[in-house]
Amino acid sequence: MLSIEIDGKNYQIPQGKNLLEFLLENSFDIPHLCYHPALKSIGACRMCAVEVEGSKNLVTSCTAELKDGMKIKTNSSLVDESRKVNLSLILKEHPDDCMTCDQNGNCSLQDLAYEYFPSGKPLFGYLEKKKI
Ligand code: SF4
Ligand code: FES
């Protein structure tokens, strides 16, 4: 077992456990678009990234290598900002036609867009403001 601190609380996590799976099983709200338990994680969407103490960059929880004594933050302002930027970049390249899409109403990307940008389409304005 590994002893890992997550958002200030200590957890015992079996060696080799996928961090994203552990977080989801323990009711942490972690957005994730490219993870599937039947497939190898490739860390493509970066929506599941978390802060790891001592790490220069945010770490995708679906590919994270867990180490004993790790300290993780899942809900810091840095994590929130990263989710918004990543989501905006994904949406920027995405067709704007939910109303005619078969996935309408049953789509994780659509759900996240509403959750992180409840006022709707000024999504791209967000990137412009950030000069991305
Ligand atoms: S419903 Fe989902 S997949 Fe379809 S256009 Fe909207 S965001 Fe894209
Ligand atoms: S779920 Fe997409 S990078 Fe982890």
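Whatever order the structure lists them in is the order used to number ligands and atoms, beginning at 1.
Heavy-atom proximity to Asn104, at under 4.0 Å, picks out these atoms of ligand 1: 1 (S). Close approach of ligand 2 to Gly43 (heavy-atom distance below 4.0 Å) involves ligand atoms 3 (S). Atoms of ligand 2 lying under 4.0 Å from at least one heavy atom of Arg46, given by number and element, are 2 (Fe), 3 (S). Taking every non-hydrogen atom of Cys45 and a distance limit under 4.0 Å, the qualifying atoms of ligand 2 come out as 1 (S), 2 (Fe), 3 (S). The distance from ligand 2 to the heavy atoms of Ala44 drops below 4.0 Å at these ligand atoms: 3 (S). Under a 4.0 Å criterion applied to the non-hydrogen atoms of Tyr35, ligand 2 contributes the atoms 1 (S). Near Cys98, meaning under 4.0 Å from any of its heavy atoms, are these atoms of ligand 1: 1 (S), 5 (S), 6 (Fe), 7 (S).
Crowding of Glu65 atom CD: a count of heavy atoms from other residues, nucleotides or ligands under 6.0 Å not exceeding 12. A 6.0 Å sphere centred on CD of Gln15 holds no more than 12 heavy atoms belonging to other residues, nucleotides or ligands.
Rounding to the nearest 0.5 Å gives a distance of 5.0 Å between CG of Leu23 and CD1 of Ile6. With rounding to the nearest 0.5 angstrom, the CD atom of Glu21 is 13.0 Å from the CD1 atom of Ile30.
When every heavy atom of Cys34 is checked against every heavy atom of Ala44, the shortest pair comes out as SG-N, 3.4 Å. The minimum heavy-atom distance between Gln12 and Phe22, with the atom names listed, is O-CE1, 4.3 Å. Asn104 and Gln110 get closest at one heavy-atom pair: OD1-NE2, 2.7 Å.
Distances from atom 2 (Fe) of ligand 2 show that His32 has no N/O/S atom below 2.8 Å. Among the atoms of Cys101, an N, O or S atom falls under 2.8 Å from atom 4 (Fe) of ligand 1. Cys62 lies apart from atom 2 (Fe) of ligand 2 in this respect, since none of its N, O or S atoms is found at a distance under 2.8 Å.
Atom 8 (Fe) of ligand 1 has as its closest protein heavy atom His94 NE2, 2.1 Å.
Under a 4.0 Å N-O distance rule, the pair Glu115/Arg83 does not qualify as a salt bridge.
Looking at Cys107 against ligand 1, only its side chain comes within 4.0 Å, counting heavy atoms.
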